[in-house]
Amino acid sequence: GQQLNQSPQSMFIQEGEDVSMNCTSSSIFNTWLWYKQDPGEGPVLLIALYKAGELTSNGRLTAQFGITRKDSFLNISASIPSDVGIYFCAGRSFGNEKLTFGTGTRLTIIP
Amino acid sequence: DVKVTQSSRYLVKRTGEKVFLECVQDMDHENMFWYRQDPGLGLRLIYFSYDVKMKEKGDIPEGYSVSREKKERFSLILESASTNQTSMYLCASSLGGTSGQNIQYFGAGTRLSVL
């Protein structure tokens with residue numbers, strides 16, 4: 001099945017730095033979701049986006065639904081140790097009950 | 001809050017055993033999903049159910065079957081476990097219908113080791 005292109009695959013940053021990651025698709029989506037997975041746990045929803053151009057924040061996290069409907073971006077400001085984990089994007093096309101997932105971005109914070 | 005509960009966090013089974021992974025959701029969701037997650041491969045859909053007794057194959061259904069006898073429960077069955085089925089298994093559920101806000105909620109996962 002299709003997977004979204006998510007980049008970067010991994011990031012090594014220092015505490016306090018800002019983080020940016022993105023997902024691109026060859027298909028148009030009408031919903032973009034961003035999840036975070038802590039080690040040994042299931043993914044937890046961070047932000048949901050439903051309209052092209054939409055910019056939504058959740059605390060230090062900000063995500064955008066790309067104008068072309070084929071991409072989305074997630075930014076984390078002033079990273080802290082609990083931000084460590086794997087971040088997944090997921091897209092859903094209209095009328096489709098299934099999600100298409102990105103391959104994930106593994107975030108590591110260097111002490 | 002939506003709660004998706006997977007019956008086991010860790011399982012160790014032997015090659016050839018029949019394995020049942022159970023998932024229960026408490027939000028009256030129509031849709032339920034089983035994924036497996038392997039390093040570098042992301043989440044891959046095994047099976048999907050959109051109603052009781054209804055199922056649809058995902059991207060990697062070979063070696064698996066599912067059962068949904070009640071709306072809240074979705075079981076993944078490995079008929080004869082093999083070592084290449086060692087993985088993290090994730091269950092999810094979503095509301096269903098034509099709503100544009102069809103978010104999937106995940107369980108904590110079952111880490112299965114087949115020896």
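Small disclaimer: the values here were computed from a predicted structure and weren't measured. Proteins come first, then strands; the chains are lettered A, B, ... in the order of their sequence lines, and each starts at number 1. These numbers come from the heavy atoms of this one structure, side chains and all, not from hydrogens, waters or symmetry mates.
- Contact of A/Leu99 with chain B is made through backbone and side chain together, with heavy-atom distances under 4.5 Å.
- Salt bridge status for B/Asp38 with B/Arg36: present, with a side-chain N to carboxylate O gap under 4.0 Å.
- Applying the side chain to side chain donor-acceptor pair (under 3.5 Å) test to residues at least two apart or on different chains, the pairs with a partner in residues 106-115 of chain B are B/Gln6-B/Thr110.
- For the options B/Arg44, B/Gln37, B/Met88, B/Glu56, heavy-atom pairs under 4.5 Å to chain A are most numerous at B/Gln37.
- Here the closest non-hydrogen pair linking B/Phe33 and B/Gln104 is CZ-NE2, 3.2 Å.
- When the candidates A/Pro43, A/Gly42, A/Gly104 are compared by the number of heavy-atom contacts under 4.5 Å with chain B, A/Pro43 comes out ahead.
- When each of A/Gln9, A/Arg106, A/Gln37 is scored by its heavy-atom pairs under 4.5 Å with chain B, the top score falls to A/Gln37.
- Residue with the most contacts toward chain B among A/Gly40, A/Ala90, A/Ala48, A/Gly102: A/Gly40 (heavy-atom pairs, distance under 4.5 Å).
- Within the 4.5 angstrom heavy-atom criterion, atoms from both the backbone and the side chain of B/Leu43 approach chain A.
- With a threshold of 4.5 angstrom between heavy atoms, B/Tyr35 approaches chain A through side-chain atoms but not through N, CA, C or O.
- Nearest approach of B/Gly42 to A/Phe88, heavy atoms of both residues: CA-CE2, 4.4 Å.
- In this structure, chain A has no heavy atom under 4.5 Å from any part of B/Ile60.
- Looking only at distances, a side-chain donor or acceptor of A/Asp83 sits under 3.5 Å from a matching main-chain atom of A/Ile80.
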TODO: Go through B/Phe106 and A/Tyr35 one step at a time and tell me if the ring pair (Phe, Tyr, Trp, His ring centres under 6.0 Å) criterion holds.
DONE: CA-CA 10 Å; B/Phe106 285 84; A/Tyr35 289 87; 5.4 Å; yes
